[in-house]
Chemist: 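My structure is below; once you've seen it, I'll send some questions.
Convention: sequence-line order gives letters A, B, ...; per-chain numbering from 1. Nothing here was measured: the structure is a model prediction, and the numbers come from that model. No hydrogens, no waters, no symmetry mates; every other heavy atom, side chains included, goes into these values.
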Number of protein chains: 2
Amino acid sequence: MTTPPRSVARSPDDGRPGAALPALPSVAATTGSSLAVQVMTAVRRAITAGEMEPGRLYSVQQLASAMDVSRSPVREGLLRLGEAGLIRFHRNRGFEIVEVSPTDVAEIFAVRTALEVPAARRAARLAGPGELDRIRAQWQAMHEAARTGDLEATARADEALHRLLLLVAGNSQAVQLVERLRTTTAFLGVVAATTRRPVDELAREHDALVQAVLARDEEAAALAMREHLASTAQRLVAQALLAQRTPAERVEELTAQVWGAAAAGY
Amino acid sequence: MTTPPRSVARSPDDGRPGAALPALPSVAATTGSSLAVQVMTAVRRAITAGEMEPGRLYSVQQLASAMDVSRSPVREGLLRLGEAGLIRFHRNRGFEIVEVSPTDVAEIFAVRTALEVPAARRAARLAGPGELDRIRAQWQAMHEAARTGDLEATARADEALHRLLLLVAGNSQAVQLVERLRTTTAFLGVVAATTRRPVDELAREHDALVQAVLARDEEAAALAMREHLASTAQRLVAQALLAQRTPAERVEELTAQVWGAAAAGY
DNA sequence: CGCCGGTGGGTGACATGCTACCCACGGTGG
DNA sequence: CCACCGTGGGTAGCATGTCACCCACCGGCG
């Protein structure tokens, strides 16, 4: 697309360092944006898909040849991921996927609680008629997605609804921060987490929230947002505990403990 | 230092694009770390020093030759700054310093309020004896710096105290986020903002906060933190308004308005 | 058998060449 | 005089070469 080489098919084998990496989804999907962004997307997908795992060392060279691009955009994308805390570099040795601990998840949701509960309050107060319509529309879209059983679409609608409420609350800084936090927790596989319970339960959790905002009831909106986040947080903390081989019978107890410690006061 | 060239003294003139840029502080200071980090530091300094201004277009090539390094580390450093929202890239045209609007400042402090008020509450509850000692020590260090009239040291101690409280509250995610937010507002020149009032006023603002935490009075700590952030926010919003050539007689009114709108509900 | 210093492979960091692309400018035609 | 278009300078993005550095491995020495 840009310069002559490319599509030359990489050298048949490659790295001994971290084992062959399952060839990554060949980028493809994200065409259009810069290669660095495509690399970030591809790595994220590879992580959530379990194709790259914590504890193993990978290198820029390795990824570059696996994706048929040069080291520059790979390096650039990886550095951004590193800054976001998703990978960690070991000088002259490679980089490693950072494991998201249950405590991290709890802390992230504590922060989201601190930001989004007031945002819900403000949204209930500040939303104009047009914005209320958009909120209602987004909410209906989520129920629609849930009705067809489409997990991923439901999760996307969930995200969009949260973003919309933050926007209506009128704090673009908070919108950006929450966006960033979400990309971190996304690694746990929200989809996987919601699989256990029917998707329309996820959709229904928003009913009280949306109705409170539409009714302009600030306190009810704040409370609904708090409960929704707490419930999501506990699901994901449990997920993270399971990913750490926590014995199933202790998960419930530990989840309550971890989330309680992190959330108290927010 | 690394490869042969360097220190060859750049071509005598250089860019027409953004006018000659006052030669930047020649990096120097930050020796030791990577060149990309040195570039970030240098650019930050150049912005706060007014050597680079919003609205003008600069280029990687230009900065690279001005600093006698290649384009790679410059590009890398600038990309990081761009991700932090401090500069904006215009494809194939160059990059531009992003102006921080009064509204942005207000929103940032609204977010900080949402995060740090609960953190103060938690710190008052959770701090162990050793941590209380560290808080007290940091507080005294700030008063010491203020007594000698050292603006920059006082500001640093202020930062350290806030970071310490967030750490004691036990949420490392919040620590990172606040850190990032601070680097953005730093561009307004906290130093300049505090110059107008004696530094020990800044130090004294923390007295109620620290004493509440030491006394383990959660609500008093939360309230003190809220008031301190509101007062700092208003100072910086006013600063941002002045930077936008707002007529002096309207600053007070607009400050109250902007901050009130952004902070209500947090 | 255990320690220890040499050595080679692999990595991040930087320098540099190349290309597609965009915009401003100026000349040309109406 | 004004609209339009070709062209050239300048830029970001990507590819690739190079180097200092670090670590793991290994063979010899105590």
Side-chain angles (χ1 to χ4, degrees), chain A residues 1-8 10-11 13-21 27 30-40 42 56-83 87-96, chain B residues 1-8 10-11 13-21 27 30-40 42 56-83 87-96:
Chain A
M1 212 171 279
T2 40
T3 18
R6 189 80 65 84
S7 73
V8 215
R10 63 181 178 282
S11 55
D13 71 64
D14 65 74
R16 290 98 253 157
L21 333 165
V27 203
T30 335
T31 172
S33 37
S34 92
L35 284 184
V37 174
Q38 295 182 34
V39 169
M40 292 177 63
R56 200 180 282 266
L57 281 180
Y58 302 92
S59 82
V60 171
Q61 175 81 48
Q62 181 190 10
L63 273 186
S65 59
M67 296 180 54
D68 259 344
V69 296
S70 83
R71 304 176 325 247
S72 303
V74 175
R75 173 179 158 80
E76 182 181 317
L78 289 178
L79 282 176
R80 285 205 226 175
L81 289 179
E83 206 180 355
I87 62 181
R88 183 185 303 129
F89 283 86
H90 295 265
R91 178 168 183 99
N92 291 333
R93 295 199 49 209
F95 67 91
E96 176 193 15
Chain B
M1 210 171 278
T2 38
T3 19
R6 189 75 68 82
S7 73
V8 215
R10 63 181 176 285
S11 55
D13 69 63
D14 66 75
R16 288 101 253 155
L21 357 142
V27 204
T30 336
T31 172
S33 38
S34 96
L35 285 184
V37 174
Q38 296 182 34
V39 169
M40 291 178 64
R56 202 180 282 267
L57 281 180
Y58 302 91
S59 81
V60 171
Q61 174 81 50
Q62 181 189 10
L63 274 186
S65 59
M67 295 179 57
D68 260 344
V69 297
S70 84
R71 301 172 334 240
S72 302
V74 174
R75 173 179 159 78
E76 182 181 318
L78 289 177
L79 282 175
R80 285 204 225 174
L81 290 180
E83 206 181 355
I87 63 181
R88 182 185 303 132
F89 280 84
H90 296 265
R91 173 158 186 115
N92 293 332
R93 295 199 47 207
F95 67 90
E96 177 193 13

Chemist: Tell me the interatomic distance from A/Q38, atom CD, to D/dG13, atom P, rounded to whole angstroms.
Modeler: 13 Å
Chemist: Assign each of A/R71 and A/A36 to its nearest nucleotide of DNA chain D by heavy atoms, then name whichever residue's nucleotide is nearer the 5' end.
Modeler: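 Of the two residues, A/A36 wins.
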Chemist: Enter the distance from A/S70:OG to A/L35:CG here, rounded to the nearest 0.5 Å.
Modeler: 8.0 Å
Chemist: Nearest 0.5 Å, what's the CG-NE2 distance between A/L57 and A/H90?
Modeler: 6.0 Å
Chemist: Rounded to whole Å, how long is the line connecting atom CG of A/L78 with atom C1' of C/dT11?
Modeler: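 One finds 13 Å between C1' of C/dT11 and CG of A/L78, rounded.
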Chemist: Taking the side chain of B/P73 as heavy atoms from C-beta outward, which of C/dC23, C/dC14, D/dA12 is closest to it?
Modeler: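 Closest nucleotide among those given: C/dC14.
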Chemist: Where the side chain of B/S59 is defined as all heavy atoms beyond and including C-beta, which of C/dG12, C/dG17, D/dT11 is the nearest nucleotide?
Modeler: D/dT11
Chemist: To the closest 0.5 Å, what do you measure between CD (A/Q61) and CZ (A/R71)?
Modeler: 6.0 Å
Chemist: Return the nearest nucleotide to the side chain of B/N92; candidates are C/dA15, C/dG10, D/dA12.
Modeler: D/dA12
Chemist: Expressed in angstrom and rounded to an integer, what is the separation of A/F89 atom CZ from C/dA13 atom P?
Modeler: 7 Å
Chemist: Determine the minimum heavy-atom distance between B/Y58 and B/Q62, stating which atoms define it.
Modeler: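 Here B/Y58 and B/Q62 meet closest at CA-OE1, 3.4 Å.
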Chemist: Within this structure, what is the CG-to-C1' distance between B/L63 and D/dT11, rounded to whole angstrom?
Modeler: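 Value for this atom pair: 13 Å.
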Chemist: Quickly work out the B/Q61 CD to D/dG9 P distance and round it to whole Å.
Modeler: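 From B/Q61 CD to D/dG9 P: 15 Å.
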Chemist: Any side-chain N or O of B/R75 less than 4.0 Å from the OP1 or OP2 oxygen of D/dG13?
Modeler: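 Checking D/dG13 against B/R75, a side-chain N or O does come within under 4.0 Å of OP1 or OP2.
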Chemist: Which whole-number value in Å describes the distance from B/H90 NE2 to D/dT11 P?
Modeler: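 These atoms are roughly 14 Å apart.
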Chemist: When the distance from CG of B/L35 to P of C/dG12 is rounded to whole Å, what number comes out?
Modeler: 17 Å
Chemist: Between D/dA15, D/dC21, D/dC14, which nucleotide has the shortest distance from any of its atoms to the side chain of A/S72?
Modeler: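 Selected nucleotide (nearest to the side chain): D/dA15.
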Chemist: Taking only the side-chain heavy atoms of A/R93 (C-beta and beyond), determine which of D/dT16, D/dG13, D/dC23 contains the nearest atom.
Modeler: D/dC23
Chemist: Restricting to non-hydrogen atoms, name the atom on B/V60 and the atom on B/F95 that form the minimum distance, rounded to 0.1 Å.
Modeler: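 Answer, listing the atom of B/V60 first, then B/F95: N-CE2, 4.2 Å.
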Chemist: How many Å lie between CD on B/E76 and P on C/dA13, as a whole number?
Modeler: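 Result: 7 Å.
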